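To keep things clear, I will list the structure first and then write my remarks on it.
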Amino acid sequence: MDIGKTDALLIIDVQNDFVSGGSLAVLGGDRVVPVINRIAGRFETRVFTRDWHPADHISFSGEPHRTDHSWPAHCVQNTHGAEFHPDLIVKPEDRIVSLGVGSQEENYSGFHGTDLEGWLQERGIHRIFIAGLTTEYCVFTTAMDGLVAGFQVVVLEDAIAGVNVPAGSAEKALQTLKQSGVSILSSDELAS
Ligand code: VGL
Ligand code: ZN
């Protein structure tokens, strides 16, 4: 598959709190890191999003149900849990976009309340490839908003992992993405 100047890779929320040992660890969260590192060099434009919450964020709960968007405290600004996975390769030229920065603001989209859409358009990007965490929330919402913004959207199925509460929710999200016009590919299909 040809990857060129009009393609960008979006790496969603690959942060310590979403991988093993983190407060909101998802199964298989660590597994995405080597896959992303392997393909990132194919892209000239790379954007890393990060969940970046204040300590009193509206989604935090002592009794998190997850299904109702209440979560254990996670990705608190300037804490270890909010840092990118230590093995994830992030270069100085890469763009970082922070999400959910206001205490009352829940946002699962890299496009919502950010300049990402215009930033990608200015660079002549037509197609976005999406990897990272979590499948049903930030990956899903960013992919859907990418379609609305007019990008071709590809989700890399071996470079994502989901919350899976309730069981099967990640697979369901992928089916919805597919039905909406998102291409679902394996990272092997990009291999040089
Ligand atoms: C996310 C749950 C809570 C995500 C963020 O990055 O997908 N999931 N906050
Ligand atoms: Zn969050």
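Order of listing sets the numbers, starting from 1, for every ligand and every atom in it. Note that the coordinates shown come from a computational prediction; the quantities given were computed from them, not determined experimentally.
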For ligand 1, the portion of T134 having any non-hydrogen atom under 4.0 Å away: both
Heavy-atom pair with the smallest gap, counting every atom of A170 and G162: CB-CA, 4.1 Å
Residue, atom name and distance, where the atom is the protein heavy atom closest to atom 6 (O) of ligand 1: D13 OD2, 2.5 Å
Test: D7 and R46 ion pair at under 4.0 Å: no
Metal check, the Zn ion (ligand 2) vs E106 N/O/S, cut-off below 2.8 Å: no
Under 3.5 Å: N/O of C138 near N/O of ligand 1: yes
The Zn ion (ligand 2) to nearest N/O/S of C75 below 2.8 Å: no
Plane angle bin for Y108 and Y137 - parallel if under 30°, tilted between 30 and 60°, otherwise perpendicular: tilted
Angle subtended at the Zn ion (ligand 2) by H74 NE2 and D51 OD2, rounded to 10 degrees: 90°
Residue part near ligand 1, for I12, under 4.0 Å between non-hydrogen atoms: neither
Contact check: H53 to the Zn ion (ligand 2), N/O/S below 2.8 Å: yes
Geometric cation-pi criterion, R66 with W71: 6.0 Å, 45°: no
Nearest atoms (heavy-atom pairs only) where V101 meets S98: CG1-CB, 3.7 Å
Ligand 1 contact on H74 by region, counting heavy-atom pairs under 4.0 Å: side chain
Nearest-neighbour protein heavy atom for atom 5 (C) of ligand 1, which is reported as residue plus atom name and distance: D51 OD2, 3.0 Å
Aromatic plane relationship, F111 with F151 - under 30° parallel, 30 to 60° tilted, over 60° perpendicular: parallel
Atom 1 (C) of ligand 1: nearest protein contact (heavy atom, Å): F18 CZ, 3.6 Å
